[in-house]
Number of protein chains: 2
Amino acid sequence: MRKDIHNSNIPVRCMSCEVRHKGMCGALSADELLALSAHTRLVNHESGDELAGEKMPAESYATVIRGVVKLTKTLEDGRQQIVGLQFAPDLLGRLNANENAVSVEAASDVNLCRIPKAALERMVKSNPALAERLMSQTLRELDEARDWMVTLGRKTAAEKVASFLLLIATHLDPEAVGEKRKFDLPLSRADIADFLGLTIETVSRQMSKLKADGVISIVANRHIEVPKLSKLKACCGS
Amino acid sequence: MRKDIHNSNIPVRCMSCEVRHKGMCGALSADELLALSAHTRLVNHESGDELAGEKMPAESYATVIRGVVKLTKTLEDGRQQIVGLQFAPDLLGRLNANENAVSVEAASDVNLCRIPKAALERMVKSNPALAERLMSQTLRELDEARDWMVTLGRKTAAEKVASFLLLIATHLDPEAVGEKRKFDLPLSRADIADFLGLTIETVSRQMSKLKADGVISIVANRHIEVPKLSKLKACCGS
DNA sequence: GCGTTTTCTTGATCGAGATCAAAGTGTCAC
DNA sequence: GTGACACTTTGATCTCGATCAAGAAAACGC
């Protein structure tokens, strides 16, 4: 019954977000997604795929079903900065914009539910509650961007790396209780460096230092364990 | 006739923004501001006044009538970062938020038109066009924040200072044509440093260097002239 | 398995920007 | 005007993170 929501070869698990979020798929409710289902398409991308190019025409919106998506901006000479990370069930795309302000890239393997530009915009116009939820997501992104500006402008390399690990721990395990955290980093050292305005060498050194100080253990390259979250928080400078 | 819009001792020029923006006072149209007039209050602040404190209850919205307002975040040990600048006719305040995410301070002498929280939110609920305009402003702020993240994370001190001067030139004289620009800096060197994630000494040195290179002239401390805007742009790294 | 490639870590050195220190300039009260 | 104070500039030195340079460890193809 749910299978026909998406014109897709992927099983019904594409709606996993619905379960996790009590009927809400981020800004879009399950009902709204269902109403759009004639137009949506589930797509898979692997890590590194470019989903949309900076300054290119904006073609569609998409909700992140699984995985992590990075938003980047690049200077002419190739210097790059990650300006946002989107986790399930965020909506990708700026309402009513005709051009992408950022480049959108899969940071990990990613499942997206693409929604054509016109279809979503039509629904937003006739649905004030949806418009309000999109406003909320945008305000949250603005808050996150401003928090990150403090990190970029005023924190030391050690504080930046600790702040990043805390951010990931918070996003990938939002309902964890107690002081222990375990997670896989969705980003390579190079991506972390681009997020923090550092070089990969500095990121690597600071991770090693956090490990030496007993704040984290690096179980495998990408797999991190935090024995005591408060200890990590104490390294963040605020 | 227009005098009764604001319960205020300031002459009608408080609506100057209406003229400059063809009936729009930023997100709020002149008509909408008129409809709210029973609740609004025009207030003046001088440079340095704190208009709202970080993590304090959000009490009201306000449109910037004249002057420049800075949004700041501060770490526990006092390190500060400016995370946004608001110029006339921006609306201050995050829709439906109960707590300020940032501290709001007058960067120059400022005139504000304060609008009580409930009054504006009531109007937004019944006016989709207004909601859409607020969404546009928020998306613009998000774009600006992300642009600035690139500056903070990846540009050199010289590029940061040039980018700041370009930003101010653009905002304070949006309709200027040709290559020449003249403007007064609305921020002290200390504020510029907090905006750029630098120290005041570095800001001062880079300004002196831009002057020595003929990119700008520093007529008085705060008064800057740019003989050739394209030359300044070439210093911004992108 | 084994070699190739990519990613990550560690070490040595360098340099941009911070810090420390002092002098110069402007502004305001009186 | 004169003094007090705040802001800005300039100089000397130091330090944190960048850069340069190997290695080590995963990941991948076959």
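Hydrogens, waters and symmetry mates are skipped; everything else that's a heavy atom, side chains included, is used. Chain letters run A, B, ... following the sequence lines, proteins first, then strands; residues in each count from 1.
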Close N/O contacts between protein and nucleotides 14-16 of chain C (under 3.5 Å):
none

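- Residue A/Ser188 places no side-chain N or O under 4.0 Å from the OP1 or OP2 atom of C/dT7.
- When the nearest nucleotides of DNA chain C are assigned to A/Arg154 and A/Met207 by heavy-atom distance, the more 5′-ward of the two goes with A/Met207.
- Residues A/Leu28 and A/Thr63 meet the side-chain proximity criterion, which asks for heavy atoms closer than 4.5 Å.
- Aromatic ring orientation, B/Trp148 versus B/Phe195: parallel (interplanar angle below 30°, classes split at 30° and 60°).
- Comparing the axis of the opening five pairs of the helix from C/dG1-D/dC30 to C/dC30-D/dG1 with that of the closing five pairs yields an angle of 50°, rounded to 10°.
- OP1 or OP2 of D/dC16 has not a single side-chain nitrogen or oxygen of A/Thr202 nearer than 4.0 Å.
- By the 4.0 Å N-to-carboxylate-O rule, B/Lys180 lies too far from B/Asp173 to be salt-bridged with it.
- Checking side-chain atoms of B/Arg154 against main-chain N and O of A/Gln80 turns up a donor-acceptor pair under 3.5 Å.
- Atom CZ in A/Arg79 sits roughly 10 Å away from atom P in D/dT19 (whole-Å rounding).
- Within 6.0 Å of NZ on B/Lys117 lie more than 12 heavy atoms contributed by other residues, nucleotides or ligands.
- With DNA chain D read from its 5' end, the first of the two nearest nucleotides for A/Ala158 and B/Val203 is the one closest to B/Val203.
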Shorter than 3.5 Å, N or O on both sides, protein versus nucleotides 27-30 of chain D: list them out with atom names.
none

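- As rounded to whole Å, 13 Å separates atom C1' of D/dC16 from atom NZ of A/Lys209.
- The pair B/Glu144-B/Arg140 counts as a salt bridge, with a side-chain nitrogen and a carboxylate oxygen less than 4.0 angstrom apart.
- Using a 4.0 Å heavy-atom cutoff across all strands shown, B/Gly48 reaches no nucleic acid atom at all.
- The distance between atom CD1 of A/Ile218 and atom P of C/dT7, rounded to the nearest whole Å, is 18 Å.
- Taking atom CG of A/Leu187 as the reference point, atom P of C/dC8 lies 10 Å away to the nearest angstrom.
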Strictly under 3.5 Å: I want the nitrogen or oxygen pairs between protein and nucleotides 20-24 of chain C, one per line.
{"from": "C/dC20", "atom 1": "N4", "to": "B/Glu201", "atom 2": "OE2", "distance (Å)": "3.2"}

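- The distance from atom CD1 of B/Ile200 to atom P of D/dT8 is 8 Å, rounded to the nearest whole Å.
- Look at B/Arg94 and B/Glu141 and you find no salt bridge, because none of the NZ, NE, NH1 or NH2 atoms lies under 4.0 Å from a carboxylate O.
- The phosphate of D/dT8 (OP1 or OP2) has no side-chain N or O of B/Ser204 nearer than 4.0 angstrom.
- The pair B/Lys70-B/Asp194 fails the salt-bridge criterion, with no side-chain N (NZ, NE, NH1 or NH2) lying under 4.0 Å from an Asp/Glu carboxylate O.
- For the pair A/Leu185 CG and C/dC8 P, the interatomic distance rounds to 9 Å; values are reported in whole Å.
- In this structure, the CD atom of A/Glu159 is 12 Å from the P atom of D/dC16, given to the nearest Å.
- The environment of CD in A/Glu99 is crowded: more than 12 heavy-atom neighbours from other residues, nucleotides or ligands sit within 6.0 Å.
- Sorted by first and then second residue, the pairs that involve residues 212-229 of chain B and meet side chain to side chain donor-acceptor pair (under 3.5 Å), not counting sequence neighbours, are B/Asp184-B/His223, B/Lys209-B/Asp213.
- With no hydrogens or angles considered, a side-chain donor-acceptor pair links A/Glu179 and A/Ser230 at under 3.5 Å.
- The distance from atom CG of A/Asp184 to atom P of D/dA26 is 15 Å, rounded to the nearest whole Å.
- Using modelled atom types, one finds a donor on one side chain and an acceptor on the other under 3.5 Å when comparing B/Lys155 with B/Ser163.
- Panel note: side chain B/Asn111, backbone B/Asn44; no donor-acceptor pair is recorded below 3.5 Å.
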Check the pair A/Arg114 / A/Ser60 against side-chain hydrogen bond (donor to acceptor under 3.5 Å, both in side chains), numbers first and verdict last.
CA-CA 7 Å; A/Arg114 286 197 178 266; A/Ser60 64; 3.0 Å; yes
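- Between A/Ser208 and C/dT9, a side-chain N or O to OP1/OP2 separation shorter than 4.0 Å is absent.
- The ring pair (Phe, Tyr, Trp, His ring centres under 6.0 Å) contacts involving residues 54-94 of chain A comprise A/Phe87-A/His171, where partners must be two or more places apart or lie in separate chains.
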